[in-house]
Structure formats: structure tokens, C-alpha cells
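Report on the following structure.
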Amino acid sequence: MVSATMKSEILKRYREGKLAHAFLLETDDMDKCYEDILDLIKKLNCPYEFKDNCDQNCNICTLVDTDNLPSLIKIEPDGQFIKNEAILSMKNKFSTIPVFTKYNIYIIKGAHKFNGYSANSLLKFLEEPADNILGFLITNNKENVIPTIRSRCQIFNVEYNKTIFDKIDDEILLDVKLYLNSIFKNKNDLLYNKTNMSNFYKEREEWEVFFMTMLYYIKDCLDRERDDKIDLVRNMSNGNLVKMLVLIEKMLKYIKSNVNIDLILDTFVIEMREYYE
Ligand SMILES: [Zn+2]
């Protein structure tokens, strides 16, 4: 769930043309993170509309799935360490421009397992970044990654075994509160959705995080005396707050089943009107 943030953030930067040359992903599940990166690579390069999967069985996605994409290199420790030969061979292959994709992409699983030689080779590579090369370094502990490598990467935390309830993003919570207050004040029209929310997030996954955060916040307001209760919460009985939780869960289901986001937001505002006191 939380990993959705990493993927949508990278996708956003990709579309804005502001991608870092290398990402360091610290995760509590390297295998899942690795699968997620492969998924992201398909999503970045698939010529068709890619939702949870490629529905066209396209060439690019098939090449990724069958481990045959020439512009993708996967590196893992060989024995105890990542071998220098692996990095040198990657550099050599990536001296040509990518054929099927915009970037030559490498994934290093176990970025805390460099020895002096392989670390040096990668560092030289990171110090002179080519525009068409993109790297994903996966580790279970960024503190164990050589600092000079770490400092040249953009770092993301990708957690799978923590739920959103353990790790709420304050900025998103602020957006949620602002939204709830606004629809509470403007409950007679749907203009707020149209003017302010319609393009608030680009990715469906971001909307999922938004509504998950809302779910967390309302649940927490019910469970304990939060000192940041917004007007909408103060104006609703506990019974109606529980109904609101059910409503939010319904919205999350709609998001997952690809219902149009504008329609979801309007449905939410309309159904919420029932619950204000
Ligand atoms: Zn595809």
C-alpha cells in the first residue's frame, strides 16, 4: 500500500522530465520492491494504457516479463558481494543508446553488498551520469550503503509490512482536512470538486493514498481524543462517523475498480450530505 507513493512519485517525475539518475530504495521486502520496480519499468515504457497490467501483451511488457529487455540489466550479489565485473559489464552495455525504451535501466538488488572495487566502478558511473541511464538500487538498510553512493541517489522508503496506519503522511493529511472542511462548507454544490480537486492528483494510486489517509484520520478521531478535529468531525455523531468510514471504504473500492475519479468525488460529496447533523 505505502509503496504506491514511491511508484506514483517516480511516475510523476518521469512525466515532468525531472527524474533523478539513480534511486536508492530502502525497503522491508527487497523481493517485493524488485517486482514493483519491474512493474514500474513496464508502466513507464508500455505504449498502451497500463493499469494494473498491460492488457495488450505488448512487446515491451513481454520483454520485461521474460527477462529479455536489452535495455534492462539486473545485478545481484554473486556470493557475498556485488562483483566488479557485473558493474563493468553493465557500463559497457550501456555505452550505447537504448533501443526499445527511453532509458537504459539497471536494478541492483542488495545495494549494501558492494566491495571496494565494485563500489568504485559504480561511483564513477554515478558521478558522470548519462541522461539516458536510470538506476534503481534496492537495500534493506540504507545505513549500510556506502555513503558516497548513497549521497548520489534519491532516497525512497518503501515499506510493505507496515500499514498506512503506522505511517501517515502529514502533508496528505493536511490535504484531506482541507478537502473535508471545504466540502462541509460547500455542501450545496459540487463546484469544489470540479475547480479544486479534479486534477489534484494525476495517479489513481495517489487518490488511493488520499482516501486511505482520510480513513485513518476519521477512524482515529473515533478512537481517541485527537486535538486536531476539524469542523466536519465535530459536527457529526459517532454513528455517522462510522457510516462515513463505510462510505470511504466504498470510495476505495471504486478507485480500485477504475471508476472515474470525478464521479467518485461527486458521489462522495453527495452521500456525505446525509451524515452532517
Ligand atoms: Zn505493455
Side-chain angles (χ1 to χ4, degrees), residues 1-25 27 29-76 86 89-90 93-111 129-138 153-154 156 158-160 198-212 252-264:
M1 180 57 230
V2 182
S3 76
T5 326
M6 176 271 289
K7 278 203 269 185
S8 55
E9 188 60 33
I10 292 177
L11 276 168
K12 196 171 122 203
R13 282 163 207 233
Y14 179 81
R15 294 202 178 104
E16 290 168 351
K18 286 192 221 152
L19 221 47
H21 294 286
F23 293 93
L24 176 62
L25 309 170
T27 180
D29 190 330
M30 290 208 290
D31 292 329
K32 265 193 198 155
C33 186
Y34 181 78
E35 290 304 318
D36 257 357
I37 293 303
L38 291 181
D39 206 55
L40 180 72
I41 290 167
K42 287 192 275 181
K43 204 167 180 175
L44 290 176
N45 293 292
C46 178
Y48 299 101
E49 202 184 340
F50 188 103
K51 282 172 185 150
D52 289 330
N53 246 308
C54 173
D55 52 8
Q56 306 276 336
N57 277 325
C58 81
N59 188 30
I60 301 256
C61 292
T62 308
L63 286 171
V64 173
D65 285 337
T66 55
D67 204 5
N68 283 314
L69 185 67
S71 52
L72 172 64
I73 290 180
K74 304 164 178 175
I75 297 171
E76 283 188 63
S89 149
M90 182 231 335
K93 278 190 191 150
F94 282 180
S95 56
T96 57
I97 55 160
V99 183
F100 297 109
T101 53
K102 188 175 171 191
Y103 293 94
N104 278 321
I105 304 167
Y106 61 95
I107 309 176
I108 297 176
K109 192 171 160 193
D131 279 337
N132 57 13
I133 295 180
L134 186 59
F136 295 98
L137 286 70
I138 305 174
C153 296
Q154 182 161 28
F156 274 99
V158 191
E159 277 160 348
Y160 295 92
S198 195
N199 296 309
F200 200 70
Y201 298 116
K202 280 199 182 68
E203 294 296 322
R204 195 160 278 275
E205 285 153 351
E206 292 173 290
W207 283 111
E208 195 180 345
V209 173
F210 180 80
F211 275 98
M212 282 299 289
L252 281 163
K253 256 183 219 149
Y254 286 167
I255 291 170
K256 282 196 181 114
S257 43
N258 282 319
V259 177
N260 175 284
I261 296 290
D262 289 340
L263 187 67
I264 293 174

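Quick caveat, the model's predicted, so the values are computed rather than measured. In each ligand, atom 1 is the first atom listed, and ligand 1 is the first ligand listed.
- By the side-chain contact (heavy atoms from CB on, under 4.5 Å) test, Phe200 pairs with Asp175, Met197, Trp207, sequence neighbours left out.
- Around the NZ atom of Lys74, the shell of radius 6.0 Å holds more than 12 heavy atoms that belong to other residues, nucleotides or ligands.
- Sparse packing is recorded around CD of Glu49, with 12 or fewer heavy atoms of other residues, nucleotides or ligands lying under 6.0 Å away.
- From Cys61, atom SG reaches atom CD1 of Ile41 across 11.0 Å, with rounding to the nearest 0.5 Å.
- For the salt bridge (Lys or Arg N to Asp or Glu O under 4.0 Å) test, no residue two or more places apart in sequence or in another chain qualifies with Asp262.
- The Zn ion (ligand 1) has Cys46 SG, Cys54 SG, Cys58 SG, Cys61 SG as its protein N, O or S neighbours under 2.8 Å.
- For Lys43, the side chain to side chain donor-acceptor pair (under 3.5 Å) criterion is met by no residue, not counting sequence neighbours.
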